Engineer: 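Next up is a structure, given as structure tokens.
Note that the structure is a prediction, hence the values are computed from the model and not measured. As the structure lists them, so they are numbered: ligands from 1, and atoms in each ligand from 1. Atom set for the values below is all heavy atoms of this structure, side chains included, hydrogens, waters and symmetry mates excluded.
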Amino acid sequence: MQTLSEIRRLLSRAGLSPARQFGQNFLIDGNLLDKLLSLAEGDGRDIVLEVGPGTGSLTGELLSRFERVVAIEIDRGLYELLRDTLGDRTNLTLIHGDVLSSKHVINPQVVRAVEPAARLIANLPYGIATPLIVLCLKMTWRGLCRIDRMTFTIQQELADRLIASPGGGDYGPLSVLTGLLGRVTPGAPVPAGAFFPKPKVASRILRIDFDASRAARLADVDVLAKLLSLAFAQRRKQIGSILKRKRCPFPVEDLEAALDEAQIDLSLRAERIAPEQFRSAANSLRRSQDDSGGGVAQ
Ligand code: SAM
């Protein structure tokens, strides 16, 4: 792995400095990089997707362990640096661009490159970590791509939301979605000092395995997402209040029946409702839509 002085040298030789808008905090702690790789496990034959290879420190390790690595870097300067240093590696597919084509779509070049299935291993840029994790889960659920496992470092606050259980302030749509589609394994905490430059917040290593059998019990990921944003929009209010919400994406009678079928007490707050109850309510809403031949109102 690259040391701090090596990263500085690579950047200065290329006339670059860390760009905050791209979340460029480079991992300089070899021990933590080993922990990330050992939590990721994996078979050498796996295709690995690295989002944000930066100066290529983790990329070098991935290239020596896995048959194929797909790396996408948004920063043109870093992309050129990587092309110069790692461009001759035959098992590397290096892409210049944004991993997210939009908030709702993963870059199609990446989707094609990781076929038929891949594992994501990355020190994720803070700014896109949440939409990227959500999109990987949703697109895998839809069968549009297959990211079986994601192992990454993310900000501690996001890790807290991913592993939260009902009842706490961190529990929300992200915890429910992850709990219904995957299994989360927390890894080591990562202090801010493990990065150059030092970010303001601490991070954590975490792994999410997509759980196909769990995911198959969910009828429609979009209905679930709409129900969750409705339920958590006013998380301090009783869940029954969503039945009176003006801009409700579901017919009120369907929503009432769905909450009833899921045995959700209307006096509860959203933060006390278990993921399986949200799934039951979302599945019931989806059935009502099928029965009426309609879709979800936007
Ligand atoms: N992999 C390096 C490491 O482990 O030290 C760098 C990690 S740094 C936290 C995040 C990297 O993601 C930066 O290289 C940044 O330019 C890149 N990046 C930021 N936003 C991106 C995006 N939307 N798509 C692709 N790469 C992105």
Engineer: Would E50 count as being in polar contact with ligand 1, using the rule that some N or O on each side must be under 3.5 angstrom apart?
Structural biologist: yes
Engineer: Touching ligand 1 at all, S57? Heavy atoms, strictly under 4.0 Å?
Structural biologist: no
Engineer: How does L33 reach ligand 1, if at all, at less than 4.0 Å between non-hydrogen atoms: by side chain, backbone, both, or neither?
Structural biologist: neither
Engineer: Would you say the ring centroid of F22 lies under 6.0 angstrom from that of Y126?
Structural biologist: no
Engineer: Let me confirm one number: the CG-CD1 distance from L162 to I133, rounded to the nearest 0.5 Å.
Structural biologist: 5.0 Å
Engineer: Please could you name the atoms of ligand 1 that F26 approaches to less than 4.0 Å, counting only its heavy atoms?
Structural biologist: 5 (O), 6 (C)
Engineer: Give the residue and atom name of whichever protein heavy atom lies nearest to atom 14 (O) of ligand 1, and the separation in Å to one decimal.
Structural biologist: E73 OE1, 2.7 Å
Engineer: Considering only the protein, which heavy-atom contact is closest to atom 10 (C) of ligand 1, and what is its distance?
Structural biologist: G23 O, 3.6 Å
Engineer: Under a 3.5 Å cutoff, is there a donor and acceptor pairing between the side chains of Q234 and R245?
Structural biologist: yes
Engineer: State, to 0.1 Å, how close P275 and Y171 come at their nearest heavy-atom pair, and which atoms those are.
Structural biologist: CD-OH, 3.1 Å
Engineer: Would D222 and R142 count as a salt bridge (charged side-chain N to carboxylate O under 4.0 Å, His left out) here? Give the steps.
Structural biologist: CA-CA 10 Å; D222 292 322; R142 291 193 187 105; 2.6 Å; yes
Engineer: Below 4.5 Å, heavy atoms only, C-beta onward: do L37 and E61 meet side chain to side chain?
Structural biologist: yes
Engineer: What I'd like to find out is whether the side chain of L11 reaches to under 4.5 Å of the side chain of F26, using heavy atoms alone.
Structural biologist: yes
Engineer: Is any side-chain heavy atom of P249 closer than 4.5 Å to a side-chain heavy atom of L230?
Structural biologist: yes
Engineer: Can you tell which of L27, I128, I74 gets a heavy atom nearest to atom 26 (N) of ligand 1?
Structural biologist: I74
Engineer: Among all protein non-hydrogen atoms, which one is nearest to atom 7 (C) of ligand 1, and what is the separation to 0.1 Å?
Structural biologist: N123 O, 3.5 Å
Engineer: For L100, is the nearest heavy atom under 4.0 Å from an atom of ligand 1?
Structural biologist: no
Engineer: With heavy-atom distances below 4.0 Å as the criterion, list the atoms of ligand 1 near I72.
Structural biologist: 25 (C), 26 (N)
Engineer: Give the numbers and elements of all ligand 1 atoms closer than 4.0 Å to a heavy atom of L78.
Structural biologist: 14 (O)
Engineer: Look at atom 24 (N) of ligand 1 and say which protein heavy atom is nearest, naming residue and atom and giving the distance to 0.1 Å.
Structural biologist: V99 N, 3.1 Å
Engineer: I want to confirm something. Looking only at heavy atoms, which of G97, P53, P125, A194 is nearest to atom 20 (N) of ligand 1?
Structural biologist: P125
Engineer: Where is the nearest protein heavy atom to atom 13 (C) of ligand 1: which residue, which atom, and how far?
Structural biologist: Q24 CG, 3.5 Å
Engineer: May I ask you to identify the nearest protein heavy atom to atom 23 (N) of ligand 1, giving residue, atom name and distance to one decimal place in Å?
Structural biologist: D98 OD1, 2.7 Å
Engineer: Near N25, which atoms of ligand 1 are under 4.0 Å from a heavy atom of that residue?
Structural biologist: 7 (C), 8 (S), 9 (C)
Engineer: Closer than 3.5 angstrom, by distance alone: can the side chain of N91 be matched with the main-chain N or O of L63 as a donor-acceptor pair?
Structural biologist: yes
Engineer: Tell me which protein heavy atom sits closest to atom 6 (C) of ligand 1, plus the residue, atom name and distance to 0.1 Å.
Structural biologist: G52 O, 3.5 Å
Engineer: Indicate whether the side chain of T153 and that of N123 have a donor and an acceptor atom separated by less than 3.5 Å.
Structural biologist: yes
Engineer: Tell me the protein heavy atom at minimum distance from atom 19 (C) of ligand 1, and give that distance in Å.
Structural biologist: F22 O, 3.1 Å
Engineer: Just wondering, do V134 and L174 contact through their side chains at under 4.5 Å, heavy atoms?
Structural biologist: yes
